[in-house]
Amino acid sequence: MKKLSNMFAAGWVQGAIPPALLVLLIIVVEIGSPGFLTGETLGLLLGNTAVLFILATGVTFVILIGGIDLSIQAVASLASVILAQLLPSIGPLAFPVAIASGLVFGILSGVVHVRLRVPSFVATLATGGVVAGMALLFAQGRAITIEEGGRLSTTWINGTVVGVPVVAILAAIVGLISFMALRYTRFGRHSLAVGAGEPAALAAGINVDRTKIIAFAISGTLAAIAGVILAARLSSGSPSLANQLLLPAIAAVIVGGTAITGGLGGVARTAVGALIISIVRIGMTFVGVNIFAENVVFGAVLIIAVAITIDRSKIPVIK
Amino acid sequence: MSINSETMKPVTNLERTSAMHAAFSRFFQGEGARRLRTFAPLIVLIVLCILITLANPNFIEPRNLIRIANSSAVPLTLAMGMTFIILMGSIDLSVEGALSVAAMVLVLLASNDANTNEYGWLAVIAAIAASTLIGLMNGIIQTVLRIPSFMATLGVWFIGLGTSVYMLGGSAVRLMDNSIRSLALERFLGFPFAVWVALAAFGLAVIIQYHTRLGRHILAIGGGEDVAELSGVNLKRVRITAFAVAGFFFGIAGVLAAAQLGQSNAVIADGRLFAAVTAVVVGGTALTGGEGGVLNTLVGVLIVTVLANGMVLLGISPYIQQTVQGLMIIAAVALSLDRLRLKIVK
């Protein structure tokens with residue numbers, strides 16, 4: 001065991017483990033159910049991963065600064081409700097409004113965390129409750145179907161461009177911009193610095209508070225985008241639409257190899273992590289796991305995946 | 001070294017001092033203020049009770065108080081287990097998995113409408129044992145595989161929930177054992193037995209925290225793991241035991257929940273995790289570990305339950321109850337956290 005972990009400790013090997021796991025999983029599913037690697041299923045896979053990936057990308061920013069955002073499911077659901085409510089009256093303008101709501105509540109989470117100095121776990125748990133309540137209020141507690149009229153402006157999301165689902169392209173654009181923002185902007189470098197060591201970042205003159213609030217704002221905005229896409233795909237908005245997506249999104253970030261303590265990781269790793277999560281989910285159906293037992297397999301694979309991919313040399317104390 | 005810390009301090013103060021923060025620290029300075037902060041959750045609870053009573057006197061009727069006690073029973077038992085984990089600075093997300101496994105084992109072994117088992121109270125013991133095993137599994141996965149508890153227990157949550165859904169075949173199974181059902185239906189001194197069981201669990205938790213070595217070691221680990229290790233605390237053993245103890249409490253809660261509901265199904269545990277964490281945190285236990293305890297959690301559970309009950313009495317729309325609860329959490333935590341000690345807030 002010791003020897004094995006020593007072998008994994010070399011930097012580049014550690015970074016290569018999640019992609020290797022992804023390839024391995026694809027091979028396992030392909031062997032278990034030949035025909036998995038056809039264009040149609042791959043399109044389906046990418047389409048299904050898109051929403052999870054966008055949510056996970058948002059959380060990546062927050063986890064990188066050493067925090068956590070538990071409000072994304074509520075923000076995504078609220079965005080879906082706003083979209084479904086407003087599409088009939090103001091048409092495509094509903095998109096920016098819904099996404100702006102995510103921005104606002106992301107900033108709110110950030111401000112509560114930074115100004116009131118409430119730990120992000122509690123702060124976002126609370127703002128998540130606030131947002132979920134508002135979604136329930138706006139929707140009067142029910143799911144809202146997007147009617148024929150509104151569906152005209154959402155059909156493009158469900159289409160394909162030369163065989164690739166539009167949602168996958170949207171996810172790729174979001175991923176690319178986030179990747180650039182993290183790697184080539186001052187904000188990106190500051191985020192990594194804050195996550196790696198807050199006192200050092202402060203001493204270096206980084207505006208820690210602003211960096212944190214921006215990270216939460218991005219997380220909220222991306223959560224709202226994910227909620228809008230989800231609403232367009234399902235042709236409905238509901239206060240509980242994204243409730244099952246919070247923990248898989250966080251799992252995607254960690255399985256991809258981003259350290260939960262912050263300061264190490266990135267969007268590319270999250271993309272791999274999201275694909276791993278989604279292949280395990282879809283693969284179980286292909287391989288023929290009993291539908292009631294799917295969660296058992298998923299939980300076990302999750303633990304194994306984290307045990308393999310996590311970089312222990314960067315985490316001083318495992319809590 | 002000293003030069004470094006000297007130059008860092010002014011920067012920290014400069015960056016951190018906002019008007020609101022200054023106001024906070026003026027209120028919460030010195031030893032007296034420190035005690036005030038410790039009692040902040042209790043004060044919140046009392047003020048809440050007074051306000052609700054003023055708005056609707058029905059609140060302090062015995063019938064309503066019994067109702068509050070009854071709906072606190074399961075959250076209190078769950079939160080007892082959760083407190084120990086959070087005191088260590090870890091988190092246990094497997095609450096819902098452990099609870100649903102306990103409920104599933106109980107219902108399938110006691111007399112029910114799905115099979116012919118009739119083990120009676122042995123089923124209760126088996127249910128609690130199953131849940132304790134799940135806690136043990138959490139501890140072993142976390143310490144042996146060296147995975148953060150957040151991820152280890154997330155995986156175990158899915159495993160537990162999946163197992164119970166698989167065993168129940170995706171449907172609801174009714175609990176037909178009358179003596180177990182009487183936990184929820186029969187009363188002693190006006191309160192249902194479930195309330196007494198929850199109080200016994202609370203008593204046990206108090207003993208574990210204040211009168212055993214395990215309790216002190218848990219606090220020591222939460223206060224500073226490296227220091228605890230240097231003082232000779234066996235980290236692995238304490239962690240694994242703490243997770244098993246938490247599983248034990250979740251098991252009791254599972255039995256109570258199944259008895260109250262009269263059945264076990266796939267959604268019996270829905271929402272229990274966040275309710276438990278909310279209660280612990282509102283009570284004033286810090287998520288960073290080492291501060292707070294089961295007494296705080298008792299107050300936290302009561303705050304959450306009283307608030308929920310009060311909102312129903314005041315006729316507040318059920319849709320915005322979550323919003324009010326969220327604001328409440330922020331207020332309670334913002335008031336009770338000792339910010340001078342928590343230099344870095346994550």
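Convention: sequence-line order gives letters A, B, ...; per-chain numbering from 1.
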Any idea which heavy atoms bring S238(A) and S80(A) closest together, and the distance? N-OG, 3.3 Å

Side chain, backbone, both or neither: which part of L302(A) has a heavy atom under 4.5 Å from chain B? side chain

Among A123(A), G128(A), A293(A), the residue with the most heavy-atom pairs under 4.5 Å to chain B is A293(A)

Polar contact flag, side-chain donor to acceptor under 3.5 angstrom, T270(A)-T60(A): yes

Tightest non-hydrogen contact, residues D69(A) and V62(A), listed as N-CG1, 3.9 Å

Does any backbone or side-chain atom of V122(A) lie under 4.5 Å from a heavy atom of chain B? Answer side chain, backbone, both or neither. both

By residue number, those in residues 92-100 of chain B with heavy atoms under 4.5 Å from heavy atoms of chain A are L93(B)

Portion of I303(A) that has a non-hydrogen atom of chain B nearer than 4.5 angstrom: both

Counting neighbours of CD1 on I291(A) that are heavy atoms of other residues, nucleotides or ligands and sit closer than 6.0 Å, is the number greater than 12? no

Do the side-chain N and O atoms of T83(B) and T297(B) include a donor-acceptor pair separated by under 3.5 angstrom? yes

How close do A172(B) and N265(B) get, counting heavy atoms only, and between which atoms? CB-CB, 3.7 Å

R239(B) versus S90(B), side-chain donor and acceptor atoms under 3.5 Å: yes

Contacting moiety of L327(B), where chain A heavy atoms sit under 4.5 Å: both

Heavy-atom pairs under 4.5 Å with chain A, option from P318(B), S317(B), A266(B), G169(B) with the top count: G169(B)

Report the relative orientation of the aromatic rings in F61(A) and F187(A); use parallel for angles under 30°, tilted for 30 to 60°, perpendicular for over 60°. parallel

Measuring heavy-atom distances to chain B, does L137(A) have an atom under 4.5 Å in its side chain, in its backbone, in both, or in neither? both

Quick one: which of L70(A), V59(A), L55(A) gives a side chain to side chain contact (heavy atoms under 4.5 Å, CB included) with L246(A)? L70(A)

